[in-house]
Trainee: 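Before anything else, here's the structure in question.
Both ligands and their constituent atoms are indexed starting at 1 by order of listing. Given the structure is predicted, the values throughout are model-derived calculations rather than measurements.
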Amino acid sequence: MKNIILIGLMGVGKGSVAREIVKKSRFVGLDTDDIIESMENRRIKKIFAEEGEEYFRLLERKVARWLRKNVEGTLISTGGGFFKVPNIKKIGTVVLLNASFETIYNRIVEHDNAHKKLRKRPLFQDVERARALYEERLPQYLKVADIVIDVEGKDIPKIANEILKKVK
Ligand code: S3P
């Protein structure tokens, strides 16, 4: 069984969709940010603050090589920049969760835990910079994706079902 890799901007719902897919299928889930946090025994925010972004990207590439060699049949959710690892297409079927920047932003700020959600994301500290990142990445996300799922106005179970139907 091939892996499914969820990509997309922070806040688009990769984690929630991943948990829903795992709940209703035979897939086991892994999250690249969680793997990195447990390898380092510190939060992403701390890794960025103490080592810088380039070190974090190095860890992402290390995790990508490990996934490629050792993991199959798994639903892999990723940090928003993970799609840039050079071997992403070899890890599995790449599924992009796509929405407008406004939807993504509102999803984060309207969340009960908005403060925490924003605080843990070093690249989302400034709205205009986050918007610029979205605009820069959108064409890159589309290029790397095997499947694009428009998540606008859909609830999590519907998105999960759509993905499971498409990867069968
Ligand atoms: C990042 C997204 C984050 C995390 C790190 C960098 C990015 O993950 O990997 O802060 O480059 O977009 P989420 O997409 O889960 O927020």
Trainee: Could you tell me whether the side chain of Asn113 and the main chain of Lys116 form a donor-acceptor pair under 3.5 Å?
Mentor: no

Trainee: Which residues satisfy the ring-ring contact (aromatic ring centres under 6.0 Å, His included) test with Phe48, sequence neighbours excluded?
Mentor: Phe56

Trainee: Are Phe82 and Tyr55 connected into the same hydrophobic cluster when the rule is that any two of I, L, V, M, F, W, Y join if their side-chain heavy atoms are below 4.5 Å apart?
Mentor: yes

Trainee: How would you list all residue pairs meeting salt bridge (charged side-chain N to carboxylate O under 4.0 Å, His left out) that involve residues 152-162, not counting sequence neighbours?
Mentor: Lys154-Glu162

Trainee: Measure up the Tyr105 and Phe124 rings against each other and bin them: parallel (under 30°), tilted (30 to 60°), perpendicular (over 60°).
Mentor: parallel

Trainee: According to side-chain hydrogen bond (donor to acceptor under 3.5 Å, both in side chains), who are the partners of Arg65, at least two apart in sequence or on a separate chain?
Mentor: none

Trainee: Compile the protein residues with any heavy atom at a distance under 4.0 Å from an atom of ligand 1; present them by chain, then by number.
Mentor: Met10, Lys14, Asp33, Ile44, Phe48, Phe56, Arg57, Gly79, Gly80, Gly81, Arg121, Pro122, Leu123, Arg137

